[in-house]
Amino acid sequence: MEQQEVKSRRPWVVGVSGASGTPYAAAVLRGLLAAGESVDLVVSRASRLTLLDETGIAFRDAHWQDDLRQWLARGADGKPDSFDVDVTDVRYWAAGDLAAGPSSGSYQVKGMLIVPASTACVAGVALGLSKDLLQRAASVTLKERRRLVVAVRETPLNGQTLKHLVTLDEAGAVVLPASPAFYAGATHIQDLVDFVAGRVLDAAGVPHRLYRRWEGELGGGSGGD
């Protein structure tokens, strides 16, 4: 009897660190799921505090699906139920689980997106500290020569952080500051958030329709970067 070919799951690992910018992470996650991508999610301990502060949502290991669904449904303006999101193809790993799948290079993933990335997270990855699963998964991504996008969201940046970002760039990561642009005709806060999320997905090679692209026409509301 001919055996049917089983399609293996190859997710994107999405790491959420403690920097301000949880709406960026939500928009990236929605974009990945809308594109039919599988996601392995790692939420750092510090990011839970940020998420609670920015959204009022307490992210709990035992109820992560409900909390994630509530988070992704929320607009950047704070309005609940702004989006309808199916989180069926999301797998969650606790930040303290260093035996998790993404901690090993033999665990097949497409790459990793850190959104947002704090300076502490940047330093940990650049130095190879692997103090939690987020940092370990990023180190594994680099050593396996997979795509790593680091959406750093801090300002201003001191010299040490700039050196860490150069180290990540030299190691093959894409350093992508969470800097919204205004040429695409943004009229709402969600537009600015979606622009940054769209640039993260561009760096990952994931198709999306989160912002209008530059087409070479000044004043067209779809400028260039």
Side-chain angles (χ1 to χ4, degrees), residues 12-35 39 41-44 46-55 57 59 71-72 74-78 82-83 111-126 134-135 137-138 141 147-169 171-206 208-214 223-225:
W12 284 95
V13 179
V14 176
V16 186
S17 81
S20 176
T22 54
Y24 291 132
V28 167
L29 288 165
R30 287 193 297 265
L32 288 170
L33 295 173
V39 173
L41 178 63
V42 182
V43 179
S44 76
S47 68
R48 294 173 188 239
L49 298 176
T50 307
L51 181 63
L52 181 63
D53 184 54
E54 293 183 344
T55 69
I57 297 171
F59 196 90
W71 175 25
L72 299 191
R74 188 182 185 90
D77 59 359
S82 296
F83 300 94
M112 182 173 183
L113 316 175
I114 305 178
V115 189
S118 66
T119 54
C121 174
V122 166
V125 177
L134 195 159
Q135 291 184 15
T141 301
R147 195 169 305 190
L148 175 65
V149 182
V150 181
V152 60
R153 206 240 56 86
E154 294 280 1
T155 188
L157 299 174
N158 63 29
Q160 198 61 47
T161 297
L162 292 171
K163 291 177 183 177
H164 291 151
L165 292 173
V166 169
T167 297
L168 292 179
D169 176 78
V174 176
V175 175
L176 196 154
S179 302
F182 296 85
Y183 62 72
T187 57
H188 299 90
I189 186 173
Q190 189 66 56
D191 298 327
L192 298 176
V193 168
D194 284 347
F195 178 87
V196 172
R199 295 299 286 159
V200 171
L201 296 177
D202 285 345
V206 175
H208 66 87
R209 299 181 65 182
L210 288 177
Y211 69 88
R212 291 185 294 176
R213 299 183 181 278
W214 171 249
D225 201 3

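Quick caveat, the model's predicted, so the values are computed rather than measured. Values below: all heavy atoms of this structure, side chains included; hydrogens, waters and symmetry mates excluded.
Side-chain atoms of Arg153 and Ser20, non-hydrogen and from C-beta on, do get closer than 4.5 Å to each other. Side-chain atoms of Leu134 and Cys121, non-hydrogen and from C-beta on, do get closer than 4.5 Å to each other. The side-chain heavy atoms of Leu176 and Val152, taken from C-beta on, include no pair separated by under 4.5 Å. In this structure the side chain of Val43 reaches within 4.5 angstrom of the side chain of Arg48, judged on heavy atoms. When side chains are defined from C-beta on, Glu154 counts as touching Ser118, because their heavy atoms get closer than 4.5 Å. The shortest side-chain heavy-atom distance between Phe59 and Leu41 falls under the 4.5 Å cut-off. Val16 is listed as a side-chain neighbour of Trp71, based on a closest heavy-atom distance under 4.5 Å.
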Candidate pair Leu201 and Val28, rule side chain to side chain contact (heavy atoms under 4.5 Å, CB included), full reasoning: CA-CA 7 Å; Leu201 296 177; Val28 167; 4.2 Å; yes
May I have the step-by-step check of side chain to side chain contact (heavy atoms under 4.5 Å, CB included) for Leu148 and Ile114, ending in yes or no? CA-CA 8 Å; Leu148 175 65; Ile114 305 178; 4.1 Å; yes
Evaluate the side chain to side chain contact (heavy atoms under 4.5 Å, CB included) criterion for residues Thr141 and Val13: first the C-alpha distance (whole Å), next the side-chain angles of each, then the deciding distance (0.1 Å), finally the verdict. CA-CA 9 Å; Thr141 301; Val13 179; 5.8 Å; no
Criterion side chain to side chain contact (heavy atoms under 4.5 Å, CB included) on Asp202 and Arg213, from CA distance to verdict: CA-CA 11 Å; Asp202 285 345; Arg213 299 183 181 278; 2.7 Å; yes
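Taken from CG in Leu49 to CD in Glu54, the straight-line distance is 11.0 Å, to the nearest 0.5 Å. We find the OG1-CG distance between Thr119 and Leu157 to be 8.0 Å, quoted to the nearest 0.5 Å. To the nearest 0.5 Å, atoms OH (Tyr183) and CZ (Arg212) are separated by 11.0 Å. Rounded to the nearest 0.5 angstrom, Asp77 CG and Gln190 CD are separated by 7.0 Å.
Side-chain N or O atoms of Arg147 include none that pairs as donor or acceptor with a backbone N or O of Gly111 at under 3.5 Å. Although no hydrogens or angles enter the test, the distance criterion places no donor-acceptor pair under 3.5 Å between the side chain of Thr55 and the main chain of Leu52. Under the 3.5 Å distance criterion, the side-chain polar atoms of His208 are matched with a main-chain donor or acceptor of Leu210. Looking at Ser82, its side chain never comes within 3.5 Å of a backbone N or O of Arg74 through a donor-acceptor pair.
Just one residue in the list Leu168, Val174, Asp169 forms a side-chain contact (heavy atoms from CB on, under 4.5 Å) with Val150, and that residue is Leu168. With Tyr24 as the fixed residue, the side-chain contact (heavy atoms from CB on, under 4.5 Å) test singles out one of Val115, Leu192, Leu29, Val200: Val115.
Shortest non-hydrogen contact noted between Pro116 and Gly21 is CD-O, 3.7 Å. Nearest heavy-atom pair, Ala35 versus Val206, reported as atom, atom and distance to 0.1 Å: CB-CG1, 3.6 Å.
Note on Asp194 versus Arg199: no salt bridge recorded, every NZ/NE/NH1/NH2 to OD/OE distance being 4.0 Å or above.
Figure legend: cation-pi geometry between Arg30 and Phe83, with NZ or CZ positioned under 6.0 Å from the six-membered ring centre and within 45° of its axis.
When only modelled atom types and interatomic distance are considered, Thr50 and Asp53 share no side-chain donor-acceptor pair under 3.5 Å.
Below 30°, between 30° and 60°, or above 60°: for Phe195 and Tyr211 the angle between ring planes is between 30° and 60°, a tilted geometry.
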